[in-house]
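Nothing here was measured: the structure is a model prediction, and the numbers come from that model.
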Amino acid sequence: MDKPPQSKVIIIGAGPSGSIAGALLRKKGYPVIILERQRFPRFSIGESLLPQCMEFIKEAGMLDAVVDAGFQFKNGAAFAFGEHYTEFDFEDKFTPGIGTTFQVQRGRFDALLADEAARMGVDIHWEMEVKAVDFSGPRAHLTVADTDGRLYDYAADFVLDASGFGRILPRLLDLESPSGFPVRQALFGHIEDRIDDPAFDRNKIRITVHPEHPDVWFWLIPFSNGRSSVGVVAERAFYAPGEDYGAQLQALIRQDAGLGRILKNAVFDDRINTLVGYSANVKSLYGKGYALLGNAGEFLDPIFSSGVTIAMKSAMLTTAALDRQFKGEPVDWEQDYARPLKRGVDTFRVFVDAWYDGRFQDVIFHPNQQPGIKAMICSILAGYAWDENNPYVKNACSRLDTLVELCRDDS
């Protein structure tokens, strides 16, 4: 095996969590190599960012580049169910902080973040796939293959797995664990939307509940170039087996009068993709010489667009802990990383569960919403799920249960 340069930290994956983590570590002066299996730009979902993401992007020194890139401005989320319609303006949230963000085509967005990380000195090795790992010695060793099958031995003091749905270390180290969510399937793709409805707000993601199946929902994420991301999520058994994904998606869209009207002129000119059983968990988010970031550790569900936010939060927490560890300070990875990250993840989980059993829909479509409570919920929808000054974060389950009861009693 040839031996490329060694590094203080190796990051697996150049997506948002990998690029943010790399930039943060470079700002602290540490050598970083990112190993990325693909060549960017490449297609990915998770296109509707949350305002909390912008705080992390700002901390990494990438905010100006993102703002200047011309992505679709986003100021909130809209929800529709039959004749019911409600909006959340993220600037009306309870938690202080940035209140707007962007809707992005991830191929271009992820490439921009990776370019910014490289500009800051992160060494990105493209089209390099991690095949095996060894954490038994004082340094971590990774066996890595290039596109021609040549093998290389990389070594580092610490490894961060930011491989997303690739979940490299969970697979290689047998860390996979059941998610606890039903097996759901998403059909999705990019379209030329040709939306001419004057009531449609391109500055918001639109979530539409199926008119007859409340646990089935659609997303519509407009981009700045006249295209949109559109998708539907349902349990796997809901779909007709063997049928064309594009035909199924279009037929389901037509079943909702509002969404069908908005997309009446749309051109489905690109491939419709599918993702099955995407929810994932692990036995542990860290171990000797490594930690898992974002989707490599846990992915809940796309309903509240929390994936990129959780990924970037994990990058913030791990790099802070690593900085202390490299300086010889004591670090408890459970107390300093896993538990703080899980606090926000568990907040999102409460609301994901409540979405699919219908309780959260009873709340957001209630005709007499209290502004103060709506602002607290808006903060969570904006990604500020770690703000324990927010009662719906600090006591998410009990607070939401009480609110649901009040809404249902008042119906």
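With Tyr85 as the aromatic partner, Arg206 does not meet the cation-pi criteria of under 6.0 angstrom to the ring centre and within 45 degrees of the ring axis. At least one cation-pi condition fails for Lys8 and Phe158: the charged atom is not both under 6.0 angstrom from the six-membered ring centre and inside a 45 degree cone around its axis. Judged by the 6.0 Å distance and 45° axis criteria, Lys313 is not positioned over the aromatic ring of Phe56.
For Tyr245 and Glu243, the side-chain atoms include no donor-acceptor pair closer than 3.5 Å. For the residue pair Arg349 / Thr347, no side-chain donor-acceptor distance below 3.5 Å is found, with atom types taken as modelled. Defined by atom type and a distance below 3.5 Å, a donor-acceptor pair is present between the side-chain atoms of Ser229 and Glu47. Between Lys74 and Ser48, the side chains place a donor N or O and an acceptor N or O closer than 3.5 Å (distance only, hydrogens not considered). When only modelled atom types and interatomic distance are considered, Gln325 and Trp333 share a side-chain donor-acceptor pair under 3.5 Å. Using modelled atom types, one finds no donor on one side chain facing an acceptor on the other under 3.5 Å when comparing Asn281 with Ser177.
In terms of modelled atom types and a separation under 3.5 Å, the side chain of Ser379 and the main chain of Thr95 share a donor-acceptor contact. Side-chain atoms of Ser163 come within 3.5 Å of backbone N or O of Ile168 as a donor-acceptor pair. For the pair Gln103 (side chain) and Ile205 (backbone), a donor-acceptor distance under 3.5 Å is present. Listed for the Glu36 side chain is a donor-acceptor partner under 3.5 Å among the backbone atoms of Ala14. In this structure a side-chain-to-backbone donor-acceptor pair under 3.5 Å is present from Arg167 to Ala296. Judged by distance alone, with hydrogens and angles left aside, the side-chain atoms of Lys93 form no donor-acceptor pair with the main-chain N or O of Ile377 at under 3.5 Å. Under a 3.5 Å cut-off, the side chain of Gln369 and the backbone N or O of Ile364 do form a donor-acceptor pair. The main-chain N or O of Ala156 is never found under 3.5 Å from a side-chain atom of Ser7 such that the two would form a donor-acceptor pair. In this structure a side-chain-to-backbone donor-acceptor pair under 3.5 Å is present from Ser314 to Ala311. One N or O on the side chain of Ser284 and one on the backbone of Tyr286 form a donor-acceptor pair closer than 3.5 Å.
Taking the six-membered ring where the residue is Trp, the centroids of Tyr152 and His125 are separated by 6.0 Å or more. The aromatic ring centroids of His210 and Phe81 lie 6.0 Å or more from each other. With ring centers used as reference points, Phe79 lies 6.0 Å or more from His84. No close placement of the Trp355 and Phe365 rings is indicated, their centers lying 6.0 Å or farther apart. For Phe304 and Phe348, the ring centers sit 6.0 Å or farther from each other. The distance between the ring centers of Tyr290 and Phe135 falls below 6.0 angstrom.
Within the structure, side chain to side chain donor-acceptor pair (under 3.5 Å) contacts touching residues 128-137 (residues at least two apart or in different chains) are Asp134-Ser136. Screening residues 275-292 for salt bridge (charged side-chain N to carboxylate O under 4.0 Å, His left out) gives Asp174-Lys283 as the qualifying pairs, with residues at least two apart or on separate chains. Sorted by first and then second residue, the salt bridge (charged side-chain N to carboxylate O under 4.0 Å, His left out) pairs with a member in residues 325-344 read Asp323-Lys327, Arg324-Asp336, Glu334-Arg339, Arg343-Glu388; sequence neighbours excluded. Counting only residues at least two apart or on different chains, the salt bridge (charged side-chain N to carboxylate O under 4.0 Å, His left out) pairs with a member in residues 98-112 are Arg42-Asp110, Arg106-Asp110. Among residues at least two apart or in separate chains, salt bridge (charged side-chain N to carboxylate O under 4.0 Å, His left out) pairs with a member in residues 224-236 are Arg227-Asp269.
The pair Arg171-Glu176 does not meet the salt-bridge criterion, since no charged nitrogen lies less than 4.0 angstrom from a carboxylate oxygen.
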Donor-acceptor pairs are to be reported for all side-chain atoms of residues 390-398 against protein atoms at under 3.5 Å, with residues two or more places apart or in another chain.
residue : atom : partner : partner atom : Å
Asn390  : OD1  : Tyr392  : N            : 2.9
Asn390  : ND2  : Met376  : O            : 2.9
Ser398  : OG   : Asn395  : O            : 3.4

Ignoring hydrogens and angles, write down the donor-acceptor pairs under 3.5 Å from the side chains of residues 60-72, residues two or more places apart or on other chains.
residue : atom : partner : partner atom : Å
Gln72   : NE2  : Arg202  : O            : 3.2
Gln72   : NE2  : Asn203  : OD1          : 3.0

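Among the candidates Asp401, Asp215, Asp353, the single residue satisfying the salt bridge (charged side-chain N to carboxylate O under 4.0 Å, His left out) test with Arg359 is Asp401. Paired with Lys264 under the rule salt bridge (charged side-chain N to carboxylate O under 4.0 Å, His left out), one option of Asp197, Asp256, Asp196 passes, and it is Asp196.
The salt bridge (charged side-chain N to carboxylate O under 4.0 Å, His left out) check on Arg399 picks up nothing, with sequence neighbours excluded. Under the ring pair (Phe, Tyr, Trp, His ring centres under 6.0 Å) criterion, Phe90 pairs with no residue, sequence neighbours left out. Scored by the ring pair (Phe, Tyr, Trp, His ring centres under 6.0 Å) test, Phe40 finds Trp126 as partners (sequence neighbours excluded). For His141, the ring pair (Phe, Tyr, Trp, His ring centres under 6.0 Å) criterion is met by no residue, not counting sequence neighbours. Annotation: ring pair (Phe, Tyr, Trp, His ring centres under 6.0 Å) contacts of Phe165 (sequence neighbours excluded): Phe299.
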Starting from the C-alpha separation in whole Å, work towards a yes-or-no answer on side chain to side chain contact (heavy atoms under 4.5 Å, CB included) for Leu187 and Asn273.
CA-CA 6 Å; Leu187 308 182; Asn273 304 280; over 6 Å; no
Go through it in stages, so that I can follow the logic: the residues are Thr274 and Gln185, the test is side chain to side chain donor-acceptor pair (under 3.5 Å), and I'd like the CA-CA distance, side-chain angles, deciding distance and then a yes or no.
CA-CA 7 Å; Thr274 190; Gln185 181 174 3; 2.8 Å; yes
List the steps, then state whether side chain to side chain contact (heavy atoms under 4.5 Å, CB included) holds for Tyr239 with Leu249.
CA-CA 10 Å; Tyr239 300 102; Leu249 177 57; over 6 Å; no
Starting from the C-alpha separation in whole Å, work towards a yes-or-no answer on side chain to side chain contact (heavy atoms under 4.5 Å, CB included) for Leu285 and Leu341.
CA-CA 10 Å; Leu285 289 170; Leu341 182 63; 4.0 Å; yes
Dump the intermediate steps for side chain to side chain contact (heavy atoms under 4.5 Å, CB included) on Leu35 and Tyr154, then the final yes or no.
CA-CA 10 Å; Leu35 301 173; Tyr154 283 72; 3.5 Å; yes
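Leu25 contributes atom CG, which lies 11.5 Å from atom CD1 of Ile20 (distance to the nearest 0.5 angstrom).
Remark: Lys58 NZ is loosely packed, at most 12 non-hydrogen atoms of other residues, nucleotides or ligands lying under 6.0 Å away.
The shortest distance between side-chain heavy atoms of Ile191 and Leu263 falls below 4.5 Å. Looking at Leu220 and Ile195, their side chains come closer than 4.5 Å, going by heavy atoms from C-beta outward.
Considering every non-hydrogen atom in both Pro340 and Tyr337, the closest pair reads CD-O, 3.3 Å.
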